[in-house]
Amino acid sequence: MNQPFAGHAPAPAAARMENHGNHMLKVAMQSGHDLLARVGSMVAYEGFIQYEPNPPAVRQIARDWITGEGAPLMKCSGDGLLYLADYGANVVVINLNGDGISVNATNLLAFDAHLQWGVERVKGLAKFAGQGLWNTKISGQGWVALTSRGKPIVVDCGGGEDETYVDPDALVAWSPNLKVKGKRSFKAQSLIGRGSGEAYQMAFSGQGIVVVQPSEDSTDRLRIRG
């Protein structure tokens with residue numbers, strides 16, 4: 001009976017976070033090493049794991065979420081294996097080694113609770129998009145899991161003078177040390193993005209990476225706000 005499913009059985013965890021297939025995250029939970037995860041993302045677990053939606057640490061930072069950038073989070077604690085997913089989206093695991101990443105909240109699946117994090121306005125876009133763009137910045141030593149609608153590409157900006165342009169609706173995350181600015185284009189509006197008005201792109205330059213998904217988000221992240 002088990003033979004047809006042999007290739008799908010969970011294996012012992014080799015790291016704090018790792019992929020189980022392309023669309024599921026496996027987290028090795030230990031007491032004292034809490035996790036913050038998107039509410040509703042738990043699909044299975046082994047062992048003894050407790051969940052606390054909207055814990056005090058999240059409520060304090062949620063004061064900045066009037067921008068709509070905030071994602072509902074729960075604190076996961078205990079011992080065992082925890083499996084997370086987000087409607088079949090691809091899962092991308094990142095091990096931060098004292099550096100950081102700026103993530104769109106809709107693509108944030110889980111991260112170690114001891115990491116420093118908060119909602120920040122993206123510099124360089126205020127004039128371009130009214131109130132600007134808000135992202136969740138995470139930094140420190142630990143693990144972060146992102147989601148992508150399809151297999152993403154990771155663009156290395158390389159630190160040269162050339163800029164990398166991305167449709168903001170396809171943007172997942174980027175290195176926070178990159179310089180960011182907005183660009184409007186009338187001629188490219190039928191080639192880039194989904195909007196029927198002006199086409200908008202985000203331009204990145206400096207040393208770092210940009211993560212781009214092959215599917216545009218269903219909500220406009222960058223728009224003129226009156």
Checklist entry - Can you check side-chain contact (heavy atoms from CB on, under 4.5 Å) on Q201 and V166, steps first, answer last? => result CA-CA 5 Å; Q201 299 98 52; V166 179; over 6 Å; no
Separation between [atom1] of [X] and [atom2] of [Y], rounded to the nearest 0.5 Å:
{"X": "N95", "Y": "R16", "atom1": "CG", "atom2": "CZ", "answer": "11.0 Å"}
{"X": "L109", "Y": "L36", "atom1": "CG", "atom2": "CG", "answer": "11.5 Å"}
{"X": "S77", "Y": "E52", "atom1": "OG", "atom2": "CD", "answer": "8.0 Å"}

Closest non-hydrogen atom pair between [X] and [Y], with its separation:
{"X": "S139", "Y": "L115", "result": "O-CD2, 3.4 Å"}
{"X": "G208", "Y": "D156", "result": "O-OD1, 3.4 Å"}
{"X": "L178", "Y": "I209", "result": "CD1-O, 3.5 Å"}
{"X": "G206", "Y": "C157", "result": "O-CB, 3.4 Å"}
{"X": "E120", "Y": "K137", "result": "OE1-CD, 3.4 Å"}
{"X": "A28", "Y": "L81", "result": "CA-CD2, 4.0 Å"}

Next on the checklist: Checking Q50 against K75 for the side-chain contact (heavy atoms from CB on, under 4.5 Å) test, could you report, in this order, the C-alpha distance in whole Å, the side-chain angles of both residues, the deciding distance, and whether it holds?
Outcome noted: CA-CA 8 Å; Q50 295 179 306; K75 184 176 75 172; over 6 Å; no
Checklist entry - Would M202 and T164 satisfy side-chain contact (heavy atoms from CB on, under 4.5 Å), going step by step from the backbone distance to the final call? => result CA-CA 8 Å; M202 293 175 65; T164 299; over 6 Å; no
Side chain to side chain, [X] and [Y], heavy atoms closer than 4.5 Å:
{"X": "R38", "Y": "M74", "answer": "no"}
{"X": "L82", "Y": "Y51", "answer": "yes"}
{"X": "I138", "Y": "Q116", "answer": "no"}
{"X": "M24", "Y": "V91", "answer": "no"}
{"X": "V43", "Y": "L84", "answer": "no"}
{"X": "L35", "Y": "M29", "answer": "yes"}
{"X": "W117", "Y": "L108", "answer": "no"}
{"X": "F204", "Y": "W174", "answer": "yes"}

Hydrophobic clusters here meaning ILVMFWY residues chained together by side-chain heavy-atom distances under 4.5 Å, can you tell me if [X] and [Y] are in one?
{"X": "V154", "Y": "I101", "answer": "yes"}
{"X": "V210", "Y": "I153", "answer": "yes"}
{"X": "Y165", "Y": "V172", "answer": "no"}
{"X": "V39", "Y": "I49", "answer": "yes"}

Would you mind writing out the side-chain donor-acceptor pairs for residues 141-148 within the sub-3.5 Å range, not counting sequence neighbours?
from, atom 1, to, atom 2, distance (Å)
Q141, NE2, N97, OD1, 2.9
S148, OG, G150, O, 2.6

Item to check | Verdict with supporting geometry, N19 and L25, side-chain contact (heavy atoms from CB on, under 4.5 Å) | outcome: CA-CA 5 Å; N19 285 81; L25 173 70; 5.8 Å; no
Checklist entry - Does the pair R149/D169 count as a salt bridge with the N-to-O cut at 4.0 Å? => result no
Item to check | Set of side chain to side chain contact (heavy atoms under 4.5 Å, CB included) partners for K179, sequence neighbours left out | outcome: S205
Item to check | By side chain to side chain contact (heavy atoms under 4.5 Å, CB included) - contacts of N22 (at least two apart) | outcome: N90
Checklist entry - Has H33 got more than 12 heavy atoms of other residues, nucleotides or ligands less than 6.0 Å from its NE2? => result no
Item to check | Listed partners of S102 passing side-chain hydrogen bond (donor to acceptor under 3.5 Å, both in side chains), at least two apart | outcome: N135
Checklist entry - Mind checking what makes side-chain hydrogen bond (donor to acceptor under 3.5 Å, both in side chains) contact with D79, not counting sequence neighbours? => result S31
Item to check | By salt bridge (Lys or Arg N to Asp or Glu O under 4.0 Å) - contacts of D34 (at least two apart) | outcome: none
